[in-house]
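Following: one structure in structure tokens, then a few remarks.
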Amino acid sequence: MSLMRWRVAAALALMVFAAGHARAAEDFFIQTTDPQFGMFANDANFTQETANFEFLIANANRLHPRFVIVCGDLTNKAGDADQIAEYHRIARKLDKDISLYNVAGNHDVGNDPTPESLADYRRNFGPDFYTFQAGEITGIVLNSSLIKAPAKAEREADRQEQWLRQQLAKAKRNGVNRIVIFQHHPYFLERADEDDQYFNIPKTARARYLNLFHEYGVRFIFAGHYHRNALARDGDLEMVTTGPAGMPIGSDPSGFRIVRIAKDSLEHEYVGYGAIPNRIERKITALIVDGINNHDWQTGTSELKKILLATGRFTVDVSTTPPAGAPPEAWSAWHPEFDKYQVVIDNFNGGHTDAGVRWPAAVEQALGDYVRGGGGLVVYHAANNAFLLWDEYNQMIGLGWRDKSFGRGLTVGDDGEIETVPQGTGLNPGHGPRHDFEVRVLDANHPITRGLPRAWMHPSEQLTHGQHGPAQGLTILTFARSEVSGRNEPMDWVRSYGKGRVYTTMLGHTWKDEPNPNLADPEFRKLFAQGVAWAATGK
């Protein structure tokens, strides 16, 4: 990238990101480091670095991140005209609507930078410390060589530190809370108090800067220099050291880091050149609501969260209601923001009678509006027992723990046809003792059941029978034979509601202070994760 283009990109960054890009995958960026043209051949040539960096830029164009940032050691030999020219030649291939930010490394300005080496870098690549804006992210780029070895350029080191303090203070005054630091050297690799070495910042400077970052709420620092990966924390501050675009040292291959911009954090993974994904999918945002239940809801929520996070497809937050008997002001203060999520998972059961605990009217209205407007709802096990007198909830779930006088029931015939149990007939809801039973798939083509066996033995579960309700618009996905009712009882079903989607599963009972092998069932875990994804996206 030419210096002129860099200046234009820096000046227009805020406008570009405010306007947005035409492509969909904009909620991530690529951090890479150490392309270091000339390192493989000890400056005799840079053939391998050319191949690596061209491959990286081509994949950046294909994936289309918000920006690409190269965290130092752009070349192997400071000031080498051929290495610098080759870096710029390839960098210019990056799509013009993807900003590229350069960071100074020790091979760019020297292990002991001087005013002259800094001037050379600025002439060839632009500023060595600066800020940029990418949506909600404020990036602060530092020249870490001035932090590690300031002796020969003390005035420049002091100027950078004072500038940093001013930028952090300004961000705090303006209410900015997503500040990300980018530099070449990591402050530490394993522990904030580790001994000094070539690959980290010396303790004295390290402590000063880490204290400054903690003071202003910085949570992420991205660096390179190590030519392999290292992840470490100092309290709530994460030190992310990324492997090289160029020559590796150690077992991590050449590659780059994909950093997803989540609601309240950054989620990242390092990918080698042989493992680059076809596309970067946005993670599905999920909210679990719990707090009251006649089951062990704490264990349930914990396990559901683990199931979803293990897939790598979700972010998961939890909103816990006040306890039963809490004063009205506690309930008035509880108002989960459903609209911030693609799917809400209901793990709440305030009781199945007309005296059951209800949510505040405004919260119930908000959930109904959310689902009708296109949000996803997952009703987990005993949550379908709740809210007997909430008519819209009954419409959304279709079947619930309701007496036979409440409405119709549904069962599955041995021929796979859906059978209606008329209102007032059949059994009231119940279940036998926990036992292993066979779950059978009725609709194998639905996204929720896709890839599951047509039947599997589900361990140590309660098999619920006699669910009743409006029973309208439902698609039964799975069923199991109840020894109590003598019928094939629905276990999983879905329905469309307004523009939204509702998925209900009767599986997933939890026993307090007892093992819950049913939650470890791999088929259940797959079923549940795919159910949440379908409720969120329809796919």
- request: Quick one: list whatever passes side chain to side chain donor-acceptor pair (under 3.5 Å) with Arg279, sequence neighbours left out.
  value: Glu281
- prompt: What's the shortest heavy-atom distance between Asn111 and Ala149, and which atoms?
  reply: O-CB, 3.2 Å
field: Sequence-distant partners of Asn174, side-chain contact (heavy atoms from CB on, under 4.5 Å), two or more places apart
entry: Lys170, Val176
query: What closest approach, in Å, do Arg66 and Asp27 show between heavy atoms, and which atom pair accounts for it?
result: NE-CA, 4.2 Å
query: Are the side chain of Thr50 and the backbone N or O of Phe46 linked by a donor-acceptor pair below 3.5 Å?
result: yes
message: Tell me every residue that passes salt bridge (charged side-chain N to carboxylate O under 4.0 Å, His left out) with Asp339, counting only those two or more places apart in sequence or in another chain.
response: none
In a table with atom names and distances, give each donor-acceptor pair under 3.5 Å that connects a side chain of residues 529-539 to protein atoms at least two apart or in another chain.
from   : atom 1 : to     : atom 2 : distance (Å)
Gln530 : NE2    : Pro447 : O      : 3.3
Gln530 : NE2    : Ile448 : O      : 2.6
Gln530 : NE2    : Arg450 : O      : 3.2
Thr537 : OG1    : Ala533 : O      : 2.8
Thr537 : OG1    : Lys539 : N      : 3.1
Thr537 : OG1    : Lys539 : O      : 3.3

message: Which label fits His225 and His184: parallel for a plane angle under 30°, tilted from 30 to 60°, or perpendicular past 60°?
response: perpendicular
- prompt: Do Leu212 and Leu164 come close enough that some side-chain heavy atom pair is under 4.5 Å?
  reply: yes
message: Angle between ring planes, Tyr87 versus Phe125, binned at 30° and 60°: parallel, tilted or perpendicular?
response: perpendicular
field: Donor on one side chain, acceptor on other, His214 and Asp234, under 3.5 Å
entry: yes
statement: Here the gap from Ile181 atom CD1 to Ile221 atom CD1, rounded to the nearest 0.5 Å, amounts to 6.5 Å
field: Inter-residue atom distance Met239.CE - Ile201.CD1, 0.5 Å rounding
entry: 9.0 Å
- request: Examine distances only and state if a side-chain atom of Asn61 and a backbone atom of Asp95 form a donor-acceptor pair shorter than 3.5 Å.
  value: yes
message: Testing the 3.5 Å rule here: is there a donor-acceptor pair between the side chains of Asn229 and Arg257?
response: yes
message: Run the side-chain contact (heavy atoms from CB on, under 4.5 Å) test against Ala232 and tell me which residues pass, sequence neighbours left out.
response: Phe188
query: Which atom names give the shortest non-hydrogen contact between Ser319 and Trp334, and what distance separates them?
result: OG-NE1, 2.9 Å
query: When you check the gap from the basic side-chain N to the acidic O, do Asp120 and Arg123 get nearer than 4.0 Å?
result: yes
message: Around atom NZ of Lys152, are there more than 12 heavy atoms from other residues, nucleotides or ligands closer than 6.0 Å?
response: no
message: Can you confirm whether Asn211 is buried at CG, in the sense that more than 12 heavy atoms of other residues, nucleotides or ligands lie under 6.0 Å from that atom?
response: yes
- line: Between Leu452 and Lys526 the two heavy atoms that sit nearest each other are CD2-CD, 3.9 Å
task: Write out all pairs satisfying ring pair (Phe, Tyr, Trp, His ring centres under 6.0 Å) with one or both partners inside residues 232-255, taking only residues at least two apart or from two chains.
output: none
Where at least one partner belongs to residues 207-228, residue pairs that pass salt bridge (Lys or Arg N to Asp or Glu O under 4.0 Å), sequence neighbours excluded: Glu161-Arg208
task: Give the C-alpha distance, both sets of side-chain angles, the deciding distance and a yes or no for side chain to side chain contact (heavy atoms under 4.5 Å, CB included) between Asn518 and His509.
output: CA-CA 8 Å; Asn518 53 331; His509 190 97; 4.3 Å; yes
- request: To the nearest 0.5 Å, tell me how far Ile57 CD1 sits from Arg62 CZ.
  value: 13.0 Å
message: Can a donor-acceptor pair be found, under 3.5 Å and without considering hydrogens, that links the side chain of Tyr270 to the backbone of Pro253?
response: yes
Note: Glu267-Arg260 ion pair, threshold 4.0 Å (strictly below): no
field: Backbone N/O of Ile249 and side chain of His227: donor-acceptor pair under 3.5 Å
entry: no
field: Side-chain (Lys512) to main-chain (His295) donor-acceptor, under 3.5 angstrom
entry: no
query: So which pairs with a foot in residues 179-194 pass salt bridge (Lys or Arg N to Asp or Glu O under 4.0 Å), sequence neighbours left out?
result: Arg191-Asp193
message: Suppose we screen for ring pair (Phe, Tyr, Trp, His ring centres under 6.0 Å). Which residues come up paired with Phe182, at least two apart in sequence or across chains?
response: Phe29, Phe132, Phe222
- prompt: Under 30°, 30 to 60°, or over 60°: which ring-plane class applies to Phe220 and His268, parallel, tilted or perpendicular?
  reply: perpendicular
field: Between Thr301 and Asp290, a side-chain donor and acceptor under 3.5 Å
entry: yes
- prompt: Can you find a heavy atom in the side chain of Thr33 that is under 4.5 Å from one in the side chain of Val70?
  reply: no
- request: Report the C-alpha separation of Asn516 and Trp511 in whole Å, then their side-chain angles, then the decisive distance to 0.1 Å, and conclude whether the side chain to side chain contact (heavy atoms under 4.5 Å, CB included) test is met.
  value: CA-CA 7 Å; Asn516 292 281; Trp511 289 265; 3.3 Å; yes
task: State which residues pass side-chain contact (heavy atoms from CB on, under 4.5 Å) with Ala230; sequence neighbours excluded, sorted by chain then number.
output: Leu189, Tyr226, Thr241
message: Evaluate Glu49 against Asn52 for side chain to side chain contact (heavy atoms under 4.5 Å, CB included), listing each step before the verdict.
response: CA-CA 5 Å; Glu49 288 85 2; Asn52 283 19; 5.6 Å; no
query: When rounded to the nearest 0.5 angstrom, what distance separates CD1 in Ile258 from CG in Leu63?
result: 6.0 Å
message: Tell me if the aromatic rings of Trp456 and His458 count as close, with their centers under 6.0 Å from one another.
response: no
query: Taking atom SG of Cys71 and atom CG of Asn102, what is their separation to the nearest 0.5 Å?
result: 10.0 Å
message: Tell me whether Asp108 contacts the main-chain N or O of Leu74 through its side chain, where contact means a donor paired with an acceptor under 3.5 Å.
response: yes
- request: Sorted by first residue and then second, give each salt bridge (Lys or Arg N to Asp or Glu O under 4.0 Å) pair with at least one member in residues 67-86; sequence neighbours left out.
  value: Glu86-Arg89
- request: List the atom of Thr32, the atom of Ala245, and the distance in Å for their closest heavy-atom pair.
  value: OG1-CB, 3.2 Å
task: Side-chain contact test, heavy atoms from C-beta onward, threshold under 4.5 Å: evaluate it for Thr138 versus Arg178 and give yes or no.
output: no
message: Tell me whether Asp317 is salt-bridged to Lys340, with the criterion being a basic N under 4.0 Å from an acidic carboxylate O.
response: no
statement: Residue set satisfying side-chain contact (heavy atoms from CB on, under 4.5 Å) with Ser145, at least two apart, ordered chain then number -> Asn106, Val109, Pro113, Asn143, His185
query: With side chains defined as the heavy atoms from C-beta onward, is the minimum distance between Asn200 and Gln197 less than 4.5 Å?
result: yes
- prompt: How close do Leu287 and Pro336 get, heavy atom to heavy atom, and via which atoms?
  reply: CD2-CB, 4.1 Å
query: Is the Tyr341-Tyr370 ring centre distance short of 6.0 angstrom?
result: no
field: side chain to side chain contact (heavy atoms under 4.5 Å, CB included) evaluation trace for Val289 with Ile345
entry: CA-CA 6 Å; Val289 179; Ile345 302 164; over 6 Å; no
message: What I'd like to find out is whether the side chain of Lys203 reaches to under 4.5 Å of the side chain of Asp195, using heavy atoms alone.
response: yes
